[in-house]
Novice: 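Following this message is one structure expressed as structure tokens.
Numbers for residues simply follow the sequence, beginning at 1. Whatever order the structure lists them in is the order used to number ligands and atoms, beginning at 1.
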Amino acid sequence: MENKGCSAEQIKTTLAQIRERVAPSAKNGRVASYIPELAKSDPRDLAVSVTLLDGTTYSVGESNKRFTLQSISKLFSLLIALIDQGPAAVFSVVGKEPTGDPFNSIVKLEMISSHKPLNPMINAGAIAVSSLISGEDVAARLDKILTLLKRMAGNETIAVNRRVYQSERETAHRNRALAYFMKDSGILKGDVEEILDLYFLHCSIEVTTEDLSAIAAVLANNGVHPITGQQLVPAEYARICKSFMVTCGMYNDSGAFAINAGIPAKSGVAGGILAAVPNKLGIGVYSPALNEKGNSLAGALFLEELSKAWNLSIF
Ligand code: DON
């Protein structure tokens, strides 16, 4: 990688300098409030962790602060569905194409004759994917996602934030509309409220940027844990995830982000971004003030600057 030869001090200095430059931009963003519990976050927070493929992690800012994965969890419901059912079953309920629409849009679900959500990174697609996760009950299905995340992060304490989960569950009228539409059109099999519950729960899993960068490093390292050498995710499924991160990971900002940063990344409305630079490093970002597309404003800018500083663009 281009930053090979950078000393630990140089890495820390670069991270601190970029943080100082981009942090003020957060004042132009807004924290998400459509899930009331998320409105309590502090818009001044800006934390970034970088995990190299030798397992070393460098952090700046509030890297011990916990926040919920929200849409970043769509990567892990996809991974578990792929592991459980295989790609043919997964892509029978969800497509592979970007939408150009907001993440909770309903418009294309009716317009497309198959009624299949266009990809697993939008809400409808992630709900469809969650319906494929097998397990005796919702707790058992959630446990598969949590177990994978704990192994990837090397952190046994990862858990659901129950307050955020309740808050989302009580206010998820749009997601219910998407799910019941998909039930009516035959995309969703099974109990709609159970499928939604699993979706709300996995969105409400809490992490720090250090967890996120460690998890991202596994994706960057083709599914292999950088320290233990264990293959935690099949390389083929890690590749599918990174492809979706490029085309749909930043919602209808994915094209601009590909040009400006060129790093496979997935954002969530709590302000997190998970970024995986193939065969180089994993990055976790947290800054809760969002731009109008629902991506962390300062977080995306940080990744653009870091990409330029270390020549991380994959294009
Ligand atoms: O379903 C929702 O609206 C949230 N649980 C997740 C949305 C999200 O993170 C979109 N992100 N940028």
Novice: Pick one of side chain, backbone, both or neither for how Val269 approaches ligand 1, counting any non-hydrogen atom pair under 4.0 Å.
Specialist: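 Both backbone and side chain of Val269 come within 4.0 Å of ligand 1.
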Novice: When you check the side-chain N and O atoms of Asn260 and Lys308, is any donor under 3.5 Å from an acceptor?
Specialist: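 Absent: no donor and acceptor within the cut-off.
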Novice: Take atom CZ in Arg163; do more than 12 heavy atoms of anything else shown fall under 6.0 Å from it?
Specialist: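 It does not: Arg163 CZ has 12 such atoms or fewer within range.
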Novice: Is it the case that ligand 1 has an N or O less than 3.5 angstrom from some N or O of Cys203?
Specialist: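 N/O-N/O distance under 3.5 Å: no.
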Novice: Which heavy-atom pair separates Val285 from Phe67 by the least distance, and what is that distance?
Specialist: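 Looking at all heavy atoms of both residues, the shortest contact is O-CZ, 4.2 Å.
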Novice: What protein heavy atom sits nearest atom 9 (O) of ligand 1, and how far away is it?
Specialist: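 Checked against all protein heavy atoms, atom 9 (O) of ligand 1 sits closest to Ser71 OG, 2.7 Å.
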Novice: Take every heavy atom of Asn104, measure it against each atom of ligand 1, and state whether any distance is under 4.0 Å.
Specialist: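 No.
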Novice: Pair up each side-chain donor or acceptor in residues 90-99 with any protein partner under 3.5 Å, not counting sequence neighbours, and list the distances.
Specialist:
unit_1	atom_1	unit_2	atom_2	d
Ser92	OG	Ala89	O	2.6
Thr99	OG1	Asp101	N	2.9
Thr99	OG1	Asp101	O	3.3

Novice: Under 4.0 Å, heavy atoms only, figure out whether ligand 1 is touched by the backbone of Asn175, its side chain, both or neither.
Specialist: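 The answer is the side chain.
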Novice: Which atoms from ligand 1 have a heavy atom of Gly294 less than 4.0 Å away?
Specialist: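 Checking each atom against Gly294, I get 12 (N).
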Novice: Between the side chains of Glu292 and Arg30, is the shortest nitrogen-to-carboxylate-oxygen separation below 4.0 Å, so that they form an ion pair?
Specialist: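 A salt bridge is absent here (no side-chain N lies under 4.0 Å from a carboxylate O).
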Novice: Any idea which part of Glu168 is under 4.0 Å from ligand 1, heavy-atom wise: side chain, backbone, both or neither?
Specialist: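 Under 4.0 Å from ligand 1, Glu168 contributes side-chain atoms alone.
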Novice: Can you confirm whether Ser77 sits close enough to Ile145 that some side-chain heavy atom of one is under 4.5 Å from a side-chain heavy atom of the other?
Specialist: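 They are in contact (side-chain heavy atoms under 4.5 Å apart), so the answer is yes.
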Novice: Evaluate Phe103 for polar contact with ligand 1, using N/O atom pairs at a separation under 3.5 Å.
Specialist: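 N/O-N/O distance under 3.5 Å: no.
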Novice: Going through the checks in order, is the salt bridge (Lys or Arg N to Asp or Glu O under 4.0 Å) test met by Arg19 and Glu62?
Specialist: CA-CA 11 Å; Arg19 186 182 188 281; Glu62 303 76 5; 3.2 Å; yes
Novice: Please work out whether any backbone atom (N, CA, C, O) or any side-chain heavy atom from C-beta onward of Tyr199 is under 4.0 Å from ligand 1, and answer side chain, backbone, both or neither.
Specialist: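 For Tyr199, only side-chain atoms sit under 4.0 Å from ligand 1.
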Novice: Which heavy atom of the protein is the closest neighbour of atom 4 (C) of ligand 1, given with residue, atom name and distance?
Specialist: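 Checked against all protein heavy atoms, atom 4 (C) of ligand 1 sits closest to Gln70 OE1, 3.1 Å.
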Novice: With respect to Tyr251, determine whether any N or O atom, backbone or side chain, lies less than 3.5 Å from an N or O atom of ligand 1.
Specialist: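 Yes, since at least one N or O of Tyr251 sits under 3.5 Å from an N or O of ligand 1.
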Novice: If I apply the N/O under 3.5 Å rule, does Tyr34 come out as touching ligand 1?
Specialist: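 Such a contact does occur with ligand 1.
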Novice: I need the atoms of ligand 1 closer than 4.0 Å to a non-hydrogen atom of Gly268, numbered in the order shown.
Specialist: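 It comes down to these atoms of ligand 1: 9 (O), 11 (N), 12 (N).
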Novice: Any side-chain heavy atom of Ile263 sitting closer than 4.5 Å to one from Ile314?
Specialist: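 Result no, sub-4.5 Å side-chain heavy-atom pair not found.
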Novice: Would Glu136 and Arg141 count as a salt bridge (Lys or Arg N to Asp or Glu O under 4.0 Å) if you check the C-alpha gap in whole Å, the side-chain angles of each, and the deciding distance to 0.1 Å?
Specialist: CA-CA 7 Å; Glu136 206 179 316; Arg141 293 169 217 158; over 6 Å; no
